[in-house]
Amino acid sequence: MGRPKKSEGTSSAKSTIERVFHPSTVKNKLRRQEIFQKLKNHKSKERRDARGKRKKEREELGDQAPPKQEPKTIENTRVIEETLVLPGDEEVLQDARTDELASYFVSGKIPKILMFASRKPSLNTALLLRELEACIPNSEIRDRMHVELKKIIPEAVGRDFTDIIVVHEDRKEPSILHCTSA
């Protein structure tokens, strides 16, 4: 091993590039940056030359030229699995026909949502309810006012609410978000 002699190589810059070693093994930062830049330039020059050679070959051969190389992407390198669902799969169509929630999406009825919290909600729970009301369209917040859930649900159904969201809290922090269809 050791350094190559000048008589063996053509020039010191070219021999540095041709030698296979990692720039991170060089301790001097400036020298390491210089070597890395030379390696980077050398690789880009090789790629540019190969691209030019392929372009010339396509121009010379015309219609008989080999096809252009496709870039490797996630989609074209993916291995097709047995579990991959293809569009028009009969099993998926059967599941769609027997879906118990399909009527919810197909009926065309606009969902109307009633939201409330525990009997005396804390500030954090009230803030969460306000955020949910801002995020969920066609929703209302109602105070529970010491009324039991058994009495609230039939009243919500009577007022055409499709869904009910109850926010439970534990130690004055919202802990459970219970969603149900009315």
Side-chain angles (χ1 to χ4, degrees), residues 24 36-37 40-41 43-44 46-48 50-52 54-55 57-59 61-182:
S24 63
F36 178 75
Q37 193 62 42
K40 193 173 171 184
N41 291 342
K43 284 181 183 179
S44 67
E46 285 178 350
R47 278 191 231 113
R48 198 172 37 248
R51 198 178 316 124
R54 286 193 305 267
K55 186 176 179 182
E57 187 180 353
R58 275 195 306 275
E59 288 173 359
L61 295 176
D63 294 336
Q64 298 173 352
K68 282 189 174 182
Q69 293 179 342
E70 280 190 40
K72 290 183 180 180
T73 63
I74 294 173
E75 287 298 319
N76 65 15
T77 56
R78 177 175 288 143
V79 178
I80 297 177
E81 301 177 24
E82 295 175 10
T83 59
L84 190 65
V85 178
L86 300 173
D89 188 17
E90 184 150 340
E91 187 176 345
V92 173
L93 295 174
Q94 180 64 26
D95 284 345
R97 280 185 239 126
T98 59
D99 187 13
E100 57 203 33
L101 295 175
S103 63
Y104 184 81
F105 298 106
V106 175
S107 69
K109 186 176 182 182
I110 298 172
K112 188 175 176 185
I113 300 166
L114 174 66
M115 296 189 293
F116 56 89
S118 59
R119 292 192 169 118
K120 265 185 130 179
S122 65
L123 179 64
N124 289 337
T125 305
L127 290 174
L128 175 67
L129 282 171
R130 285 190 206 136
E131 286 289 325
L132 286 173
E133 185 182 30
C135 293
I136 301 172
N138 206 17
S139 61
E140 291 181 28
I141 298 174
R142 297 288 176 155
D143 289 333
R144 192 166 163 186
M145 296 183 292
H146 303 289
V147 179
E148 292 183 16
L149 287 175
K150 291 180 183 178
K151 294 180 182 177
I152 293 176
I153 293 173
E155 190 176 317
V157 172
R159 293 186 181 188
D160 293 330
F161 284 100
T162 57
D163 300 293
I164 298 172
I165 296 177
V166 183
V167 179
H168 296 283
E169 60 184 4
D170 189 26
R171 297 186 190 121
K172 297 193 177 195
E173 290 291 324
S175 61
I176 298 172
L177 185 71
H178 185 81
C179 304
T180 184
S181 180

Output the distance between atom [atom1] ([X]) and atom [atom2] ([Y]), rounded to the nearest 0.5 Å.
{"X": "Leu114", "Y": "Asp160", "atom1": "CG", "atom2": "CG", "answer": "12.5 Å"}
{"X": "Met145", "Y": "Asp143", "atom1": "CE", "atom2": "CG", "answer": "6.0 Å"}
{"X": "Arg51", "Y": "Arg47", "atom1": "CZ", "atom2": "CZ", "answer": "8.0 Å"}
{"X": "Thr162", "Y": "Ile113", "atom1": "OG1", "atom2": "CD1", "answer": "6.0 Å"}
{"X": "Thr125", "Y": "His168", "atom1": "OG1", "atom2": "NE2", "answer": "11.0 Å"}

Is the number of heavy atoms from other residues, nucleotides or ligands under 6.0 Å of [X] [atom1] greater than 12?
{"X": "Ile110", "atom1": "CD1", "value": "no"}
{"X": "Glu91", "atom1": "CD", "value": "no"}
{"X": "Glu46", "atom1": "CD", "value": "yes"}
{"X": "Gln69", "atom1": "CD", "value": "no"}

Does [X] reach the side chain of [Y], with side-chain heavy atoms less than 4.5 Å apart?
{"X": "Lys112", "Y": "Glu140", "answer": "yes"}
{"X": "Leu128", "Y": "Leu132", "answer": "yes"}
{"X": "Arg119", "Y": "Glu148", "answer": "yes"}
{"X": "Arg97", "Y": "Gln94", "answer": "yes"}
{"X": "Leu149", "Y": "Arg144", "answer": "yes"}
{"X": "Arg54", "Y": "Pro66", "answer": "no"}

**OP:** Quick one: do Arg159 and Arg142 satisfy side-chain contact (heavy atoms from CB on, under 4.5 Å)? Show the steps, please.
**Re:** CA-CA 13 Å; Arg159 293 186 181 188; Arg142 297 288 176 155; 4.0 Å; yes
What pair of heavy atoms forms the shortest contact from [X] to [Y], and how long is it?
{"X": "Pro71", "Y": "Asn76", "answer": "O-ND2, 2.9 Å"}
{"X": "Glu173", "Y": "Asn124", "answer": "OE2-ND2, 2.7 Å"}
{"X": "Leu129", "Y": "Ile141", "answer": "O-CD1, 3.3 Å"}

[Y] backbone acceptor or donor facing [X] side chain under 3.5 Å:
{"X": "Glu169", "Y": "Ser122", "answer": "yes"}
{"X": "Asn138", "Y": "Pro111", "answer": "yes"}
{"X": "Asp163", "Y": "Ser139", "answer": "no"}

**OP:** Would you sort out whether Leu127 and Glu131 count as a side-chain contact (heavy atoms from CB on, under 4.5 Å), showing the intermediate values?
**Re:** CA-CA 6 Å; Leu127 290 174; Glu131 286 289 325; 5.7 Å; no
Original post:
Do you see a donor-acceptor pair shorter than 3.5 Å between the side chains of Glu75 and Thr73?
Top reply: no
Subject >> Audit row: Ile152, Phe161, side-chain contact (heavy atoms from CB on, under 4.5 Å) steps and yes/no >> reply: CA-CA 11 Å; Ile152 293 176; Phe161 284 100; over 6 Å; no
**OP:** Not counting sequence neighbours, which residues clear salt bridge (Lys or Arg N to Asp or Glu O under 4.0 Å) with Glu133? List them please.
**Re:** none
Original post:
Which is it for Met115 and Arg130 under the side-chain contact (heavy atoms from CB on, under 4.5 Å) test, yes or no, and what are the steps along the way?
Top reply: CA-CA 10 Å; Met115 296 189 293; Arg130 285 190 206 136; over 6 Å; no
